[in-house]
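Basis for what follows: all heavy atoms, side chains included, without hydrogens, waters or symmetry-related copies. A, B, ... follow the sequence lines: proteins, then strands. Residue 1 opens every chain.
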Number of protein chains: 2
Amino acid sequence: MKEIKIRTTPEPTLRRLPRYYHLLLRLKERGINDVSSTVIAKELDLDPTQVRKDIEYTEIIGRPKTGYNISDLIKSIRTFLSWDTNSNAVLVGTGSLGTAMLGYKNFSKYGLNFIAAFDIKKELIGKEIHGVKVYNFNDLKEIIEKDKVTIGVLAVPVEAAQEAADKMIKGGIKAIWNYAPCQLKVDNSILVENAQLSQSLAVLTRKITELYLKESL
Amino acid sequence: MKEIKIRTTPEPTLRRLPRYYHLLLRLKERGINDVSSTVIAKELDLDPTQVRKDIEYTEIIGRPKTGYNISDLIKSIRTFLSWDTNSNAVLVGTGSLGTAMLGYKNFSKYGLNFIAAFDIKKELIGKEIHGVKVYNFNDLKEIIEKDKVTIGVLAVPVEAAQEAADKMIKGGIKAIWNYAPCQLKVDNSILVENAQLSQSLAVLTRKITELYLKESL
DNA sequence: TGCTAATCGATAAATATTTCACTGTTAAAA
DNA sequence: TTTTAACAGTGAAATATTTATCGATTAGCA
């Protein structure tokens, strides 16, 4: 029997790739053509070997002495992250965070194409936020079915999160980007990425404390 | 010579603690008094030992058979993350993301107290956003010096990020929560937590692809 | 053309994190 | 009161991730 091995990418690597990506864009803007892992590492305060390993996942090949062609590397990362193909997405919850998401033009650069937003507040329905139309939450299933939406962004209060998730999944969504501070109960064929701000804040606030502890020695 | 060992908390642990925290709040609301690592693990789809080890960092002690007292555990996590003491914070950049941050009432629950926001747009200066006054970016240093601000939230476009960071640091800020997609060049006594949305998106979009790859075998 | 320094790619070593296995404690049921 | 099952805490094993080392390749320069 042949072992079939799926190489899943380590999450730390996935988190670093966008950092490389943004750096590369800036370097390219400056007219630079090639970049080495050494340079990337120095810029981002990482280990060059780690950078090389991360980049290896995208299957680009570099060349000794010069490194990687920047345009190629950008393309390689984009492809690896599927940022080069458009996916239809919807937003549920047009509170301040949801509104910010719609206003963040850059999402189109990541292949995220918001085709609709949903809310339950009557006064919002029918309006447009940053060019995206707000629909009645009850029409969610219908619309995402029609437009083959694969990604749902969840930016509702905790109380509404599970119901919204359920409805999205019934409509055929494959992945949920969850900003609500709760665990969604979903079938394990559905992908959930928890993106609560509090996670990142916890890292920050605890590290501050640990920094003080260290200094006080 | 005595080895002085500072036990820094693993970042994965810090990322999970807020998830426990939110779950605990909900359980407490329901009138539950005690919770075991087994239950937490089941709810969040984690390993019980991992939950126990994470919780251990906060230095609470549980008891066999019943687990942890929920109120105590909540308190313990809050203290560990310094979410129980207020820190003054400022926001730089009142675009859609910045506005969302100010609108996110919950930050006060995490001990984050926004005392001011800053922008360069004349028409915004002097106004209030979600109860926080917007000041001229040029007054940044002065105001954060006066109010002993320790945390700066950076939500400006890339081009403005480094300058804003520099100015915050000059004012005495200790930690920057950076939402701009770039690397800040700062002295290593300053703490920077990068919280670009693209990091989390990368995890999501790549995992979708890997899920498809797996299914197509 | 030959030399040198920089770098990739690969493998190995080191470190960090997660999971396992076990011990002793406790609450509740028998 | 005794028995049982659930659980915390802990050290060890397994796994994942990062860092170090090294040979091969290449660009630039003498």
Side-chain angles (χ1 to χ4, degrees), chain A residues 3 5-17 19-20 23-24 27 32-70 72-73 76-77 80 199 202-203 206-207 210, chain B residues 3 5-17 19-20 23-24 27 32-74 76-77 80 199 202-203 206-207 210:
Chain A
E3 272 285 329
K5 195 184 149 209
I6 302 133
R7 193 164 73 145
T8 58
T9 315
E11 226 175 277
T13 295
L14 293 178
R15 283 228 167 73
R16 282 187 297 265
L17 283 172
R19 298 180 60 197
Y20 305 159
L23 173 63
L24 294 168
L27 294 177
I32 299 169
N33 289 318
D34 301 292
V35 69
S36 70
S37 61
T38 320
V39 170
I40 297 177
K42 206 167 289 168
E43 285 289 325
L44 302 183
D45 201 20
L46 299 169
D47 183 278
T49 308
Q50 182 170 72
V51 172
R52 255 196 319 276
K53 280 246 159 83
D54 287 342
I55 287 176
E56 223 178 277
Y57 278 95
T58 73
E59 293 182 319
I60 198 176
I61 46 172
R63 34 186 349 203
K65 190 77 179 183
T66 49
Y68 308 89
N69 174 276
I70 290 192
D72 290 348
L73 185 48
S76 185
I77 293 176
F80 183 73
Q199 285 184 26
V203 177
R206 178 61 199 175
K207 282 191 177 165
E210 287 178 359
Chain B
E3 273 285 329
K5 194 185 149 208
I6 303 135
R7 193 163 72 146
T8 57
T9 316
E11 226 175 277
T13 294
L14 293 178
R15 283 231 165 73
R16 281 187 298 265
L17 284 173
R19 298 180 59 197
Y20 305 159
L23 172 64
L24 294 168
L27 294 177
I32 300 169
N33 289 318
D34 300 293
V35 68
S36 69
S37 61
T38 319
V39 170
I40 297 177
K42 207 167 289 169
E43 284 291 323
L44 302 182
D45 201 20
L46 299 169
D47 182 278
T49 307
Q50 180 170 71
V51 173
R52 255 194 324 275
K53 284 241 156 91
D54 286 342
I55 288 176
E56 222 178 279
Y57 278 96
T58 74
E59 294 182 318
I60 197 176
I61 45 171
R63 36 186 348 204
K65 191 79 177 176
T66 49
Y68 307 89
N69 175 277
I70 290 191
S71 298
D72 289 349
L73 184 49
I74 287 173
S76 185
I77 294 176
F80 183 73
Q199 284 183 27
V203 176
R206 178 61 199 176
K207 281 191 177 166
E210 287 177 359

Would you mind reading off the distance between [X] atom [atom1] and [N] atom [atom2], rounded to a whole angstrom?
| X | N | atom1 | atom2 | value |
| --- | --- | --- | --- | --- |
| Arg15(B) | dT18(C) | CZ | C1' | 17 Å |
| Glu11(B) | dT17(C) | CD | P | 9 Å |
| Leu46(B) | dT17(C) | CG | P | 16 Å |

Over-ring placement of Arg206(A) relative to Phe80(B), 6.0 Å and 45° cut-offs: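 Yes, a cation-pi geometry holds between Arg206(A) and Phe80(B).
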
Partner residues of Glu11(A) under the salt bridge (charged side-chain N to carboxylate O under 4.0 Å, His left out) criterion, sequence neighbours left out: Arg15(A), Lys207(B)

Got [X] and [Y] here, is their nearest side-chain heavy-atom distance under 4.5 Å?
| X | Y | value |
| --- | --- | --- |
| Tyr20(B) | Asp54(B) | yes |
| Val39(A) | Ser36(A) | yes |
| Arg16(A) | Thr13(A) | yes |

Any Thr49(B) side-chain N or O less than 4.0 Å from OP1/OP2 of dT19(C): no

Distance below 4.0 Å between Ser37(A) side-chain N/O and dC8(C) OP1 or OP2: yes

Contacting residues from residues 58-70 of chain B, given that a heavy atom lies under 4.0 angstrom of DNA chain C: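 Close to the strand are Arg63(B), Pro64(B), Lys65(B), Thr66(B).
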
Distance-only side-chain donor-acceptor flag, Ser76(B) / Glu59(B), under 3.5 Å: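 Looking only at side-chain atoms, Glu59(B) and Ser76(B) do not form any donor-acceptor pair under 3.5 Å.
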
Check: dT7(C) base within 3.5 Å donor-acceptor of Lys42(A) side chain: no

Terminal contacting nucleotides, 5' and 3', DNA chain D versus chain B (heavy atom, 4.0 Å):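 Using the under 4.0 Å cut-off, the span is dA5(D) to dA12(D).
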
